[in-house]
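Reviewing the structure listed below.
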Amino acid sequence: MRKYQPKRAALIVIDVAIVVLAAILTGFTVGYLSHHKIIMTLLLCLFWLAAILFAAILLPAYFSRTIIYISPSEISMKTGIVYVKRHHMKADAVQYVSTVTTFMSKYTGLNFVILRAMGGTMVLPFLGLDDVHEIEDLMRS
């Protein structure tokens with residue numbers, strides 16, 4: 001049985017994207033609402049509070065709690081922040097294996113494996129490129 005976890009580089013990339021998005025929204029808010037100080041201040045607090053909540057609390061919790069187990073007979077994934085979801089799929093039931101890799105995926109970890117079986121789909125998120133190729137080879141054999 002092999003154990004896989006999401007790659008930390010994906011968490012860093014998503015955190016940077018959240019901070020950049022919050023900075024862009026800050027620029028637009030200051031540019032367009034500078035004459036409405038109260039609304040501008042409330043929106044800035046909302047943007048940065050949401051960015052901190054997602055980047056510092058929710059996403060690290062999601063990444064640390066997501067675990068994927070693959071054995072010759074079964075694939076299971078345990079994930080969740082507030083409540084734990086468990087997904088199980090028989091390895092024999094897998095009909096199609098799709099992989100999604102993004103630009104610079106070796107460094108960013110934004111890779112996904114999509115397993116399709118009769119009546120269900122399982123997405124294995126944020127895996128390293130080596131893990132994606134290993135899972136793909138395991139599912140072929």
Side-chain angles (χ1 to χ4, degrees), residues 1-34 36-141:
M1 177 177 284
R2 287 275 300 156
K3 177 181 172 182
Y4 300 95
Q5 285 191 300
K7 192 172 180 184
R8 286 287 181 199
L11 176 63
I12 293 168
V13 168
I14 295 170
D15 284 348
V16 168
I18 288 172
V19 170
V20 167
L21 179 66
I24 290 170
L25 289 173
T26 298
F28 282 128
T29 303
V30 170
Y32 289 112
L33 295 175
S34 60
H36 299 291
K37 297 289 184 194
I38 294 174
I39 295 172
M40 181 186 73
T41 304
L42 288 174
L43 283 175
L44 290 177
C45 290
L46 177 70
F47 294 152
W48 285 102
L49 187 65
I52 290 169
L53 177 70
F54 276 95
I57 299 170
L58 293 178
L59 285 174
Y62 174 79
F63 272 67
S64 67
R65 295 180 117 203
T66 300
I67 301 172
I68 301 162
Y69 295 102
I70 298 181
S71 70
S73 62
E74 186 178 57
I75 301 137
S76 68
M77 181 172 73
K78 184 177 95 170
T79 187
I81 297 172
V82 176
Y83 60 91
V84 176
K85 289 191 304 185
R86 290 184 171 90
H87 301 276
H88 299 280
M89 183 181 287
K90 296 284 185 188
D92 298 341
V94 175
Q95 294 176 336
Y96 301 104
V97 178
S98 302
T99 59
V100 178
T101 57
T102 58
F103 178 71
M104 301 284 289
S105 62
K106 183 177 182 180
Y107 305 109
T108 62
L110 296 175
N111 305 306
F112 303 89
V113 175
I114 303 167
L115 304 171
R116 291 190 177 94
M118 184 67 82
T121 300
M122 183 183 284
V123 178
L124 308 179
F126 305 116
L127 295 168
L129 192 58
D130 296 335
D131 294 341
V132 167
H133 293 309
E134 186 176 329
I135 291 170
E136 193 175 27
D137 291 339
L138 283 171
M139 292 297 110
R140 279 191 197 143
S141 57

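By the 6.0 Å contact criterion, CZ on F54 is open, its count of non-hydrogen atoms from other residues, nucleotides or ligands being 12 or less. The number of heavy atoms from other shown groups lying within 6.0 Å of CE (M1) is above 12.
The shortest heavy-atom contact between R65 and I81 is NH1-O, 2.7 Å. Residue L33 comes nearest to M40 through the heavy atom pair O-CB, 3.5 Å, listed as atom of the first residue, atom of the second, then distance. Scanning all heavy atoms of the two residues, the minimum distance from S105 to T108 falls at CA-OG1, 3.5 Å. The two residues A117 and A93 make their nearest non-hydrogen contact at CB-O, 3.2 Å. The two residues A91 and I75 make their nearest non-hydrogen contact at CA-CD1, 4.0 Å.
Rounding to the nearest 0.5 Å places CG of L127 at 10.0 Å from OG1 of T66. Rounding to the nearest 0.5 Å gives a distance of 8.0 Å between CG of N111 and NE2 of H133. In this structure, CE in M139 is found 5.0 Å from CD1 in I70, a value given to the nearest 0.5 Å. To the nearest 0.5 Å, atoms OG (S71) and NZ (K3) are separated by 15.0 Å. The OG atom of S76 lies 7.0 Å from the CE atom of M122; values are rounded to the nearest 0.5 Å. Annotation: the span from L53 atom CG to L59 atom CG amounts to 9.0 Å, rounded to 0.5 Å.
Between W48 and T26 there is a side-chain heavy-atom pair separated by less than 4.5 Å. Proximity of S64 to R8: side-chain heavy atoms (C-beta onward) are separated by under 4.5 Å at one or more points. V94 has its side chain within reach of M89: a pair of non-hydrogen atoms, C-beta onward, lies under 4.5 Å apart. The closest side-chain heavy-atom distance from P125 to I68 is below 4.5 Å. Within the 4.5 Å cutoff, the side chain of V30 has heavy atoms near those of the L44 side chain. Looking at L124 and D131, their side chains never come closer than 4.5 Å, going by heavy atoms from C-beta outward.
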Test side chain to side chain contact (heavy atoms under 4.5 Å, CB included) on L42 and I38 and set out the steps. CA-CA 6 Å; L42 288 174; I38 294 174; 4.1 Å; yes
What do the steps show when you test Y4 against V113 for side chain to side chain contact (heavy atoms under 4.5 Å, CB included), and what is the final call? CA-CA 12 Å; Y4 300 95; V113 175; over 6 Å; no
Side chain to side chain contact (heavy atoms under 4.5 Å, CB included) assessment of H87 paired with M77: CA-CA 5 Å; H87 301 276; M77 181 172 73; 3.6 Å; yes
Take F126 and I14 through the test side chain to side chain contact (heavy atoms under 4.5 Å, CB included) and record every step on the way to the result. CA-CA 11 Å; F126 305 116; I14 295 170; 3.7 Å; yes
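Without hydrogens or angle criteria, K78 side chain to Y69 main chain gives no donor-acceptor distance under 3.5 Å.
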